[in-house]
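When a ligand or atom number is given, it counts from 1 through the structure's own listing order. Predicted, not measured: the structure shown is a model, and the values here were computed from it.
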Amino acid sequence: MTRLLIIGPPGSGKGTQAEHLARHFGVPAVSTGDIFRSNVSQQTELGSQAAEYLDGGDFVPDHLTNALVKDRLLDSDVQSGFLLDGYPRTAPQVMELDNMLASQGVALDAVIELRAPDAELEQRMRQRAEEQGRSDDTVGVFRRRLDLYHRETHEVVSVYAGRGILVSVNGSGDPGEITALAIAAVEKFLATRTGA
Ligand code: ADP
């Protein structure tokens, strides 16, 4: 029964770490970015509404994002835990998530923040652009996403820090080592909380 959230700047390897952590903790990873991208590639109605925002590096409007997460959190596979990746990204989304979880009588156990210097993030994005060809991995769009991260998502991190559930992890270096660090940090945190 673990409910986790991972937050990290673009290029921090958040999606990759989310998959490894989800596997370790035995919960499904729920990535809003992945859900939007698959809707775009399958040309759904949601995909057509979200595409221009993704391509420009802008946030998809809250009414679309919140509705998507609300629906997803009602699925049976996430009832006994999940790892949210990419949501919430703004203070209003934090409140929305609070309401969704409160209505189910549950709460987040821990929030993982991946930290890495901007220069390393840009370097990684350039590499990912060659490997995966994501439409939002161009220097201009990347800088827009990074700027939005610093402006909006910083507040999200502060809120969870204030609640005492933030676990910050050094996200620079070897991906395998970062996974190990993150797992150790989260397990230690969860153990102190349950008094185990
Ligand atoms: P990254 O963290 O590398 O920017 P994501 O896969 O998390 O990548 O997100 C890709 C894009 O999906 C974002 O730039 C944005 O357009 C959209 N998106 C994902 N999550 C949200 C969210 N919580 N609110 C608004 N837009 C979102």
* Asp55-Ser135 side chain donor-acceptor pair, cut-off 3.5 Å -> yes

* Measuring from the heavy atoms of Arg124, does anything fall under 4.0 Å of ligand 1? -> no

* Asked: Looking at Thr65, which atoms of ligand 1 are within less than 4.0 Å of one of its heavy atoms?
  -> 22 (C), 23 (N), 24 (N), 25 (C)

* So is Arg89 polar-close to ligand 1, meaning N/O to N/O under 3.5 Å? -> yes

* Asked: atom 17 (C) of ligand 1: which of Leu64, Val60, Thr90 has the nearest heavy atom?
  -> Val60

* Could you tell me which residues satisfy side chain to side chain donor-acceptor pair (under 3.5 Å) with Asn99, sequence neighbours excluded, listed by chain and number? => none

* Taking atom types as modelled, find out whether Gln93 and Asp62 have a side-chain donor-acceptor pair closer than 3.5 angstrom. => yes

* Asked: Does a salt bridge link Arg126 with Glu130, judged by any charged N lying under 4.0 Å from a carboxylate O?
  -> no

* Tell me yes or no: between the side chains of Glu113 and Ser168, is some donor less than 3.5 Å from an acceptor? => yes

* Within a distance under 4.0 Å of any heavy atom of Pro10, pick out the atoms of ligand 1 and give their elements. => 3 (O), 4 (O)

* Hey, is Asp147 close enough to Arg151 for a salt bridge, meaning N to O under 4.0 Å? -> yes

* Which ligand 1 atoms does Arg37 reach within 4.0 Å, using its non-hydrogen atoms? -> 6 (O), 10 (C)

* **Atom indices of ligand 1, in the order listed, that fall short of 4.0 Å to a heavy atom of Gln93** => 22 (C), 23 (N), 24 (N), 25 (C)

* Could you list which atoms of ligand 1 come closer than 4.0 Å to a heavy atom of Tyr87? => 23 (N)

* Nitrogen or oxygen of Arg145 less than 3.5 angstrom from that of ligand 1 -> yes

* Structure fact -> Under 4.0 Å from one or more heavy atoms of Asp58, ligand 1 contributes atoms 15 (C), 16 (O)

* Structure fact -> In ligand 1, the atoms that come under 4.0 Å of a heavy atom of Arg128 are 3 (O)

* Asked: Hey, is Met125 touching ligand 1 through its side chain, its backbone, both or neither, going by heavy atoms under 4.0 Å?
  -> neither

* Below 4.0 angstrom from a heavy atom of Gly86, which ligand 1 atoms are there? Numbered from 1 as shown, please. => 20 (N), 21 (C), 22 (C), 23 (N)

* ligand 1 versus Glu152: contacting region, heavy-atom distance under 4.0 Å -> neither

* So which pairs with a foot in residues 172-192 pass salt bridge (Lys or Arg N to Asp or Glu O under 4.0 Å), sequence neighbours left out? -> none

